[in-house]
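Here is the structure we will look at.
Numbering of ligands and ligand atoms starts at 1, following listing order.
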Amino acid sequence: MKKLIPERPNGNSLLREWTGPQTRDLILNPGGFGLGKVPERYRPTATTQSVCGYCSTGCSLEVHLQEGEGVNLSATKEYPVNLGMACPKGWESLRVLEANDRAVEPLLRGSDGRLRPVDWEEAATVFCDRFKKIKETYGSGAMAWLGTGQITVEDLAFLGALGKFGMGFRHGDGNTRQCMATAVVAYKESFGFDAPPYTYQDFEDSDVLIFVGANPCIAHPIMWQRVMRNRNRPEIIVVDPRKTETAMAATQHYALEPKSDLVLFYGLARLLIENGAIDENFIRNSVDGFEEFAEFVQSFELGYVSEVTGLGVEQLKRFASTIAEGRRVSFWWTMGVNQSHEGVRLAQSIINLALMTGNIGRPGTGANSITGQCNAMGSRLFSNTTGLIGGYDFLNREHRDKVASELEIDVDRIPDQNCWAYDQIIQGIEDGVIKGLWVVATNSGHSWIGQKRFKAAVEKLDFLVVQDMYHSTETAQLADLVLPAAGWGEREGTFINSERRIGRTRKVRKAPGKALSDFNIFRILAEYWGCGDMFKKWDSPENVFRILTRLTKGRPCDISGITGYDMLEERGGVQWPYQEDNPDQRQQRRLFEDGRFYHPNGRARMIFEKPRRLPEPTCSAYPYVLLTGRGTSSQWHTQTRTAKSEILRKLYPKNVYVEISPTDAERLGVKKGELLKVMSRRAEILAAAYITPTVKSGQVFMPMHYEETNLLTNPSFDSYSRQPSYKHCAVSVERVS
Ligand SMILES: Nc1nc2c(c(=O)[nH]1)N[C@H]1C(S)=C(S)[C@@H](COP(=O)(O)OP(=O)(O)OC[C@H]3O[C@@H](n4cnc5c(=O)[nH]c(N)nc54)[C@H](O)[C@@H]3O)O[C@H]1N2
Ligand SMILES: Nc1nc2c(c(=O)[nH]1)N[C@H]1C(S)=C(S)[C@@H](COP(=O)(O)OP(=O)(O)OC[C@H]3O[C@@H](n4cnc5c(=O)[nH]c(N)nc54)[C@H](O)[C@@H]3O)O[C@H]1N2
Ligand code: SF4
Ligand SMILES: [Mo]
């Protein structure tokens with residue numbers, strides 16, 4: 001395979017294997033054959049590359065083939081993302097395809113209430129008949145889908161175009177609402193387009209890295225390895241109520257009160273302005289709204305900020321002076337920010353800090369939202385849910401015309417309104433407005449905030465279709481029709497990672513039984529629906545990819561210069577933008593190098609607002625804050641995949657646990673491993689006590705990987721992005737005596 005990996009500007013070849021400090025347990029192959037003798041039957045005869053299908057880091061994996069079939073994996077050394085590293089989930093990607101609860105044929109619920117196998121013809125006929133009946137009876141506003149950031153760009157585009165333009169679904173959203181909606185809205189308002197500006201090289205080039213509500217040691221382990229390669233002896237600051245693995249590795253940890261971040265960042269902004277630590281030139285040339293912002297933050301005096309955040313005045317001063325003294329300061333945020341009742345303004349308060357200190361558009365800087373799933377970025381641009389496919393706007397007539405002409409469809413098929421968000425879809429089901437729901441590659445019955453409500457709501461549907469790799473998921477169990485899908489490694493396409501890099505993922509296995517790739521499922525359904533003609537050119541993932549590249553022409557995410565999959569492979573992936581005319585050929589590119597943003601006047605905007613009250617503060621009946629998030633680097637979300645690897649299962653606790661501080665444990669008289677009753681206003685669950693000083697007194701932490709967690713969480717949302725605030729609700733904790 002031809003490889004073209006250019007030298008980095010500093011002369012270090014990306015081809016050179018890295019030998020610096022590393023978290024060995026994260027990057028060693030924990031059970032593959034890399035360390036021992038390779039059994040005969042697994043000796044590879046060829047090797048190919050494929051981007052990993054879990055997290056948004058987007059590592060490239062070397063898939064070793066025997067007679068065309070993937071039998072083992074290692075990490076690609078030459079890929080600019082992971083440079084020869086992978087985490088346990090990546091290493092175990094092939095094993096989870098072999099599980100015995102794979103969905104191997106379509107399943108239809110009969111009048112006896114049981115799911116029975118049917119063939120694809122019957123499944124497709126039932127799908128179309130039932131949805132068409134709903135449409136005829138109640139109108140297209142009664143149909144919705146929930147998609148994902150875990151299928152390919154081509155699949156997402158197909159689902160979105162088929163759903164809205166072909167079948168006339170009015171509503172479609174996805175699990176990226178649970179994850180990235182806040183960053184999307186924040187960037188759009190501040191920069192004029194949803195545009196994370198960085199490249200992973202920035203992890204290595206910074207001299208100050210600030211992680212807010214992010215735990216990359218667990219959630220993005222290979223991004224963290226890139227931080228470990230930084231040779232500037234950087235200050236690493238972590239802002240997280242818990243002393244996470246990342247906080248332990250940091251040089252400064254600010255364990256603020258949960259959800260006090262907005263006050264903290266306004267307070268820091270005030271300090272920086274007061275100390276003259278701002279970049280006046282940059283502000284003058286590139287930023288709108290600074291004067292108003294400077295006035296607004298005046299009221300965030302040190303004493304007040306200290307009281308709200310629980311951080312000492314000296315700590316606050318040290319934090320501010322670290323930013324002021326840094327030459328290349330990068331700000332990174334993930335779910336501790338996005339999943340908040342005021343997430344959008346919080347993300348923008350981080351963006352404001354980067355803008356006013358001129359820490360954007362230069363190496364090692366940026367206001368950088370880290371995405372979650374392998375293709376969350378693809379979902380943002382191409383899912384045709386929140387935004388019109390290709391980075392366009394449903395409300396803009398010119399945009400609709402352009403998309404219609406590029407896709408060769410009648411413009412009247414393109415809605416001129418935005419559709420409902422995830423929570424509104426569920427509300428719509430509760431209200432009896434939505435009657436048919438199609439769930440693709442997400443497990444809402446486990447992951448949705450206030451899970452009980454979701455499960456009760458779907459009982460009201462006339463028709464629930466679940467398209468998944470496994471028939472055993474919490475959501476598939478509720479379905480009227482289960483469509484068996486191929487998983488990672490069983491289909492072709494592309495993912496877009498956190499640094500906007502488009503990479504190829506490949507078919508190296510045949511899907512089991514009658515399972516089909518999502519792409520082929522969409523093709524079949526289009527035919528049976530009677531809109532196959534609209535998609536006659538959508539006959540292979542690569543052809544769809546080419547259609548999409550043309551569609552983006554002229555947008556900030558313009559990738560019209562990418563000629564096809566070969567180009568992605570030859571270059572170690574390509575970051576957007578990559579225009580047809582005179583594209584920037586560098587392999588590592590960041591946005592805003594010229595200080596120009598995407599608003600019509602080319603300037604960025606500082607946006608701010610008074611902090612809001614907590615939706616559910618603690619009280620005497622529910623005195624603890626429940627924090628939730630990722631538990632280990634070996635667990636993925638609702639565990640439909642990772643629980644199927646024997647090796648991964650050894651790396652994390654089987655049953656649900658709750659992390660509690662030694663102080664609270666002692667007060668309650670709780671011993672390690674003892675069962676605790678955790679109650680919120682919505683539910684009561686049992687979880688084993690895990691006593692640890694990493695959580696503070698008055699707080700408890702539960703990983704999201706166990707079904708119980710979202711029985712407790714409180715369905716509250718950011719009002720601009722409608723992203724759920726998963727990381728804060730009030731609970732009580734008791735011994736089970
Ligand atoms: N192993 C593994 N990796 C994953 C995933 C997985 O399931 N497993 N999922 C992927 C996905 S989709 C995503 S979105 C990412 C998520 O990646 P992260 O966001 O890094 O992970 P989380 O653990 O959800 O949340 C990060 C931190 O936010 C903190 N936090 C909670 N409340 C607050 C607050 O009020 N303020 C601040 N500053 N911090 C707070 C939590 O204590 C937690 O440590 O991970 C991706 N990577
Ligand atoms: N309490 C709490 N809850 C949370 C969070 C939190 O921090 N705390 N985080 C939220 C976040 S950030 C996220 S992203 C969500 C994730 O929530 P989900 O999206 O519900 O989680 P997954 O387990 O990844 O579900 C993906 C589903 O798709 C299936 N699947 C995998 N690959 C394919 C494929 O190629 N095709 C098809 N058709 N199916 C496939 C899997 O088997 C699985 O059932 O959870 C959210 N929920
Ligand atoms: S860090 Fe993410 S992309 Fe890389 S191997 Fe692990 S799960 Fe896959
Ligand atoms: Mo996510």
Measure the distance from [atom] to every protein heavy atom, then report the residue, atom name and distance (to 0.1 Å) of the closest one.
atom                    : result
atom 19 (O) of ligand 1 : Met335 N, 2.8 Å
atom 14 (S) of ligand 1 : Cys179 SG, 3.2 Å
atom 8 (N) of ligand 1  : Gln635 O, 2.6 Å
atom 43 (C) of ligand 1 : Asp240 OD2, 3.3 Å

4.0 Å heavy-atom contact, [X] with ligand 1:
X      : result
His728 : no
His705 : yes
Thr371 : no

Within the 4.0 Å heavy-atom shell around [X], which atoms of ligand 3 are there?
X     : answer
Cys55 : 1 (S), 2 (Fe), 3 (S), 7 (S)
Tyr54 : 7 (S)
Lys89 : 7 (S)

Self-check item: CZ (Phe300) with more than 12 external heavy atoms under 6.0 Å
Solution: yes
Self-check item: Distance-only side-chain donor-acceptor flag, Trp636 / Gln150, under 3.5 Å
Solution: yes
Quiz prompt | Test of ring centre spacing under 6.0 Å for Trp333 and Tyr187 | solution = yes
Exercise. Can you sort out which atoms of ligand 1 are near Ser633, meaning under 4.0 Å from one of its heavy atoms?
Key: 1 (N)
Exercise. Classify the contact between Cys52 and ligand 3 as side chain, backbone, both or neither, using a heavy-atom distance cut-off of under 4.0 Å.
Key: side chain
Quiz item: Looking at atom 6 (Fe) of ligand 3, is one of the N, O or S atoms of Cys87 less than 2.8 Å from it?
Solution: yes
